Amino acid sequence: MEIIYRPYIDPEFEFLIERIYPPWVCIDNDSYKDCTLVKVDSANKHGILLEMVQVLTDLDLVISKSYISSDGGWFMDVFHVTDQLGNKITDESLILYIQQALCASRGGISKEARPPGRNVTPGLKDLAVEMTSKDRPGLVSEISAVLVELGCNITTAVAWTHGTRAASIFYVEDGLEGGPITDPIRLAHVQEQLENVVKAHHEEGEKRSVRLTTPAGGHTHKERRLHQLMYADEDYESCRGCDGSGSSAHKKGCDRTHVNIESCKEKGYWIVNVRSRDRPKLLFDTVCALTDLQYVVFHAVVASRGTLADQEYFVRHKDGYTSNTESERHKLTLCLVAAIERRISQGLRLDLCAKNRMGLLSDITRVFRENGLSMSRIEIGTRGERAVGSIYVTDASGDEVNPNAVELVTKEIGESIIAVHKSHKWAPQASSSSRTSHKIHNRRIEEEEEDRPRFSLGSLVWSHLERLSSTFGAIKS
C-alpha cells in the first residue's frame, strides 16, 4: 500500500506575523490640544478596521477624524477621539484598556483592563433570540411578554426599525433556575411560541424569521449582528438615498445621505464617497457594512465638519476583483445608505435605570402599548443588579409624540425612567461632538477649519497618507 505523506500546517501559522510583529498602539495627548490621537500599527487582516472602530465606539468615544492605510499587508490608522463631553482621554485605566483591547487580536482582553461601568454586553452563556419581521406597534411588548411567560429572563435587548421592517435580538437566561437554557424540548417550545407572535399580522409569503442561537464561543457584536439581520432581510431595497450624482449631492444644507462610487482603474480600487449628517457610531455603521459585504478598505479619510460628515474609502472586494457592473455598484450604494439610516431614530429618548428583575422590560413596554405609544429603537442591558439603557418612543404612526403625554406614561411606569430627551430627527444622541455646548463646538470648528481635510476624489487620500506615514515608527522588515 502506498503511503502518502501530507505536509503538516500549524493552524496557528496565520498568526505568525502577529506574534513576530505584535500590534503597536500609541495614545498621544500632546499633538493636539483638543483631542487624543490613537495610533495603531499592526499586521493587516480582514475585519481589523472594524475591530478597532468597535473598541472605540463601545467606549462611547467620539471619532472626529480618521486616516487609514492598509496596503502591503500592514494596517496603519490614526483616530482623533474625545469623550462625549469633548475632552481628551486622560483616564489611565481607560487608556490601558484601549491599548490592550486594540492589541487583542486573539484571546480576548484581560479582566484587569475592563473599564468599570461602561459598556453593557450580554453574557457569553445567554441564549440569543434573533428575529426579523414587519414592524408594527406592540411587537416588542408581545415578544417580551411571551418570553417572561415561558420563564425566560431577558438580560439584554436591542431592536431597530427601518422603514417597514424590524429586527431585534434578545439575550435570555433561565429565569427559574438561572444559567443557560439548553433543554432542546424547551428551546423548540420557545421558538414555536415566538414564531406565532411574529407570524401574527403577516400576510402569506411575507418575510419573517425567528432564530435561537445556543451559547457557542461567544456572540457576534450585537449591533453588527443587527446590521447583518436587516441586510439578510433586504431592508436596503426600500432605500432611496441620493447616489451622489450631480451638483445637488453636495448642496449646502442638504442632510440626506449621499453615496458616490467611482472606479480608480490605475490602482484597481473603487472610490466610495459618503456624505451624511454626523452622529455617534457613524464610522462603525459604515465600516460594518463594507466589511460584511466582503470589501477591504485599503485607504480612507474620514472627518466631520459642523453637522456633516465626509467619508472616502478606497476599496476592493475581498477576493481581489473590482467589478464595474452597475448592479453591484447600485447594491453597494443602497446597502451603505441603509447601514447609515438604520440607527437613525425619531421620537423621544427615554433613559432607563432601574433595579433589574424578571419581567421588567415586559412591564415597561406593556404600559407604552396600552397608551398608544410605539418604540422605534431599544437598547437595554444589565449592569450588576441594575437594568440600564434607552428606549426611543413615537406615537403609533411613527410620528413625534407629545412630551407631556410621555411624561404621564413615565409616571405610571414609576422611577425606572430617569431622563427624557428630545431626539434629533437624524441623530439618536447629539452629533459627533455629543453633549458639548454650542459655544465650545463652534469654537472648535473655527480653530480646526484650516486643517480639516478637503474632500476630493483621488488626490486627497494620498496626500494625507503621505503626511501620516511620519507619525509611525519604522515598520520592521
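Not measured: the values here are computed from a predicted model.
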**Student:** Let me see the working for Asp34 and Lys88 under salt bridge (Lys or Arg N to Asp or Glu O under 4.0 Å), right down to the final yes or no.
**Tutor:** CA-CA 6 Å; Asp34 57 355; Lys88 289 185 176 184; over 6 Å; no
**Student:** In terms of side-chain heavy atoms, does Thr155 have a donor or acceptor partner in Asp126 at a distance below 3.5 Å?
**Tutor:**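 Distance-only check passes for Thr155 and Asp126.
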**Student:** Does the side chain of Phe79 reach to within under 4.5 Å of the side chain of Val53, using non-hydrogen atoms?
**Tutor:**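 Side chain of Phe79 against side chain of Val53, heavy atoms only: contact under 4.5 Å found.
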**Student:** Rounded to the nearest 0.5 Å, how far apart are CG of Leu290 and NE2 of His317?
**Tutor:**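 These two atoms lie 11.0 Å from each other.
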**Student:** Does the side chain of Leu283 come within less than 4.5 Å of Leu56's, by heavy atoms?
**Tutor:**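 Result no, sub-4.5 Å side-chain heavy-atom pair not found.
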**Student:** Could you walk me through whether His162 and Tyr236 pass the side chain to side chain contact (heavy atoms under 4.5 Å, CB included) test, one step at a time?
**Tutor:** CA-CA 9 Å; His162 181 217; Tyr236 59 87; over 6 Å; no
**Student:** Please determine whether a side-chain nitrogen of the Lys or Arg among Arg136 and Glu142 lies less than 4.0 Å from a carboxylate oxygen of the Asp or Glu.
**Tutor:**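 Salt bridge between Arg136 and Glu142, a charged N being under 4.0 Å from a carboxylate O: yes.
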**Student:** Is there a donor in the side chain of Thr132 and an acceptor in the side chain of Ser209, or the other way round, less than 3.5 Å apart?
**Tutor:**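 The criterion, which ignores hydrogens and geometry beyond distance, is satisfied for Ser209 and Thr132.
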**Student:** Enter the distance from Leu59:CG to Ile89:CD1 here, rounded to the nearest 0.5 Å.
**Tutor:**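 Going from the CG atom of Leu59 to the CD1 atom of Ile89 covers 8.5 Å.
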**Student:** Using a strict cut-off of less than 4.0 Å between a Lys/Arg side-chain nitrogen and an Asp/Glu carboxylate oxygen, indicate whether Glu130 and Arg225 qualify as a salt bridge.
**Tutor:**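 Yes, this pair counts.
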**Student:** Going from SG on Cys288 to CZ on Arg342, what distance comes out if it is rounded to the nearest 0.5 angstrom?
**Tutor:**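 Reported to 0.5 Å precision, the distance equals 8.5 Å.
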**Student:** Counting only heavy atoms not in Lys207, do more than 12 sit closer than 6.0 Å to its NZ atom?
**Tutor:**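 Atom NZ in Lys207 is crowded, with more than 12 foreign heavy atoms closer than 6.0 Å.
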**Student:** Does atom CD of Glu149 have more than 12 heavy-atom neighbours from other groups under 6.0 Å away?
**Tutor:**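 No, CD of Glu149 has 12 or fewer neighbouring heavy atoms, counting only those of other groups under 6.0 Å.
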**Student:** Are Trp270 and Arg316 side-chain neighbours, meaning at least one heavy-atom pair lies under 4.5 Å?
**Tutor:**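 In short, these two side chains do not touch, never coming nearer than 4.5 Å.
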**Student:** Is there a donor-acceptor pair closer than 3.5 Å between any side-chain N or O of Arg279 and the backbone N or O of Ile340?
**Tutor:**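 Yes.
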**Student:** Do the side chains of Asp233 and Arg165 get close enough for a salt bridge, i.e. N-O under 4.0 angstrom?
**Tutor:**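 So Asp233 pairs with Arg165 through a salt bridge.
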**Student:** To the nearest 0.5 Å, what is the distance between CG on Asn260 and CD on Glu312?
**Tutor:**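 Taking CG in Asn260 and CD in Glu312, the distance rounds to 9.5 Å.
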**Student:** Between Arg305 and Asp310, does any NZ, NE, NH1 or NH2 come within less than 4.0 Å of an OD or OE carboxylate oxygen?
**Tutor:**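 So Asp310 pairs with Arg305 through a salt bridge.
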**Student:** Is the closest side-chain donor-acceptor distance between Ser133 and Arg208 under 3.5 Å?
**Tutor:**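 Checked: Ser133/Arg208 side chains show no N/O donor-acceptor pair below 3.5 Å.
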**Student:** Below 4.5 Å, heavy atoms only, C-beta onward: do Val62 and Val81 meet side chain to side chain?
**Tutor:**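 Heavy-atom side-chain distance check fails, nothing below 4.5 Å.
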**Student:** Can a donor-acceptor pair be found, under 3.5 Å and without considering hydrogens, that links the side chain of Arg277 to the backbone of Arg256?
**Tutor:**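 Absent.
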**Student:** Under a plain distance cut-off of 3.5 Å, with no hydrogens placed, do Ser390 and Asp351 share a side-chain donor-acceptor pair?
**Tutor:**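 Yes, side-chain donor-acceptor contact under 3.5 Å.
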**Student:** Within a strict 4.5 Å, meaning less than it, do heavy atoms of the Phe368 and Val393 side chains meet?
**Tutor:**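 Result yes, sub-4.5 Å side-chain heavy-atom pair found.
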**Student:** If we ignore hydrogens and angles and just use 3.5 Å, is the side chain of Thr161 paired with the main-chain N or O of Ser376 as donor and acceptor?
**Tutor:**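 Present.
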**Student:** Does Tyr231 reach the side chain of Cys335, with side-chain heavy atoms less than 4.5 Å apart?
**Tutor:**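 Tyr231 reaches Cys335 side chain to side chain.
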**Student:** Do we see a donor-acceptor contact under 3.5 Å between the side chains of Asp58 and His221?
**Tutor:**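 The answer is yes; a qualifying pair exists.
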**Student:** Please test Arg224 against Thr291 for side chain to side chain contact (heavy atoms under 4.5 Å, CB included), starting from the C-alpha separation and ending with a verdict.
**Tutor:** CA-CA 10 Å; Arg224 182 181 183 184; Thr291 303; 3.8 Å; yes
**Student:** How about Ser397 and Asp399: does a side-chain donor come under 3.5 Å of a side-chain acceptor?
**Tutor:**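 There is no such pair (donor and acceptor under 3.5 Å, judged by atom type) between the side chains of Ser397 and Asp399.
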**Student:** Ignoring hydrogens and angles, state whether a donor on the side chain of Asn29 or Thr36 is under 3.5 Å from an acceptor on the partner side chain.
**Tutor:**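 Side-chain D/A pair, Asn29 to Thr36: present.
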**Student:** Please determine whether the number of non-hydrogen atoms from other residues, nucleotides or ligands lying under 6.0 Å from atom NE2 of His330 exceeds 12.
**Tutor:**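 No.
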**Student:** His46 and Tyr295: aromatic ring centres closer than 6.0 Å?
**Tutor:**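 Between His46 and Tyr295, the centre distance exceeds or equals 6.0 Å.
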**Student:** Test side chain to side chain contact (heavy atoms under 4.5 Å, CB included) on Ile185 and Leu187; report intermediate values, then the result.
**Tutor:** CA-CA 5 Å; Ile185 297 178; Leu187 291 173; over 6 Å; no
**Student:** Regarding His227 and Asp285, is there a side-chain donor-to-acceptor distance under 3.5 Å anywhere?
**Tutor:**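 The criterion, which ignores hydrogens and geometry beyond distance, is satisfied for Asp285 and His227.
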**Student:** Using only heavy-atom distances, determine whether the side chains of Tyr313 and Gln311 contain a donor-acceptor pair under 3.5 Å.
**Tutor:**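 Note: Tyr313 and Gln311 side chains meet the donor-acceptor criterion.
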**Student:** With side chain to side chain contact (heavy atoms under 4.5 Å, CB included) as the criterion, how do Cys152 and Glu173 come out once you've worked through the C-alpha distance, each side chain's angles and the decisive distance to 0.1 Å?
**Tutor:** CA-CA 6 Å; Cys152 301; Glu173 64 181 5; over 6 Å; no
**Student:** Quickly, which of Leu147, Val146, Val140 forms a side-chain contact (heavy atoms from CB on, under 4.5 Å) with Ile143? Name it, please.
**Tutor:**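 Exactly one option meets the side-chain contact (heavy atoms from CB on, under 4.5 Å) with Ile143, and it is Leu147.
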**Student:** When rounded to the nearest 0.5 angstrom, what is the spacing between CZ in Arg186 and CD in Gln191?
**Tutor:**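 CD of Gln191 is found 14.5 Å from CZ of Arg186.
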**Student:** Do Glu223 and Arg343 meet the salt-bridge criterion of a basic N to acidic O distance under 4.0 Å?
**Tutor:**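 Looking at Glu223 together with Arg343, the answer is yes, because their closest N to O distance falls below 4.0 Å.
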**Student:** May I ask you to test the Ile63-Val302 pair for a side-chain heavy-atom distance under 4.5 Å?
**Tutor:**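 Answer no - side chains too far apart.
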**Student:** Hey, are Thr213 and Arg211 close enough side-chain-wise for a donor-acceptor pair under 3.5 Å?
**Tutor:**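 A donor-acceptor contact under 3.5 Å links the two side chains.
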**Student:** Rounded at 0.5 Å granularity, tell me how far OG1 in Thr333 sits from CD in Glu326.
**Tutor:**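 Going from the OG1 atom of Thr333 to the CD atom of Glu326 covers 8.0 Å.
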**Student:** Donor-acceptor pair, distance only, cut-off 3.5 Å: does the side chain of Asn87 make one with the backbone of Asp83?
**Tutor:**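 Side chain of Asn87 to backbone of Asp83, a donor-acceptor pair under 3.5 Å: no, none is there.
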**Student:** For Ser66, check side chain to side chain donor-acceptor pair (under 3.5 Å) against everything at least two apart and list the hits.
**Tutor:**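 Residues passing side chain to side chain donor-acceptor pair (under 3.5 Å) with Ser66: Asp77.
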**Student:** Does Glu177 CD have over 12 foreign heavy atoms under 6.0 Å away?
**Tutor:**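 No, not enclosed.
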**Student:** Got Ile344 and Glu341 here, is their nearest side-chain heavy-atom distance under 4.5 Å?
**Tutor:**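 A side-chain contact exists here, since the closest heavy-atom pair is under 4.5 Å.
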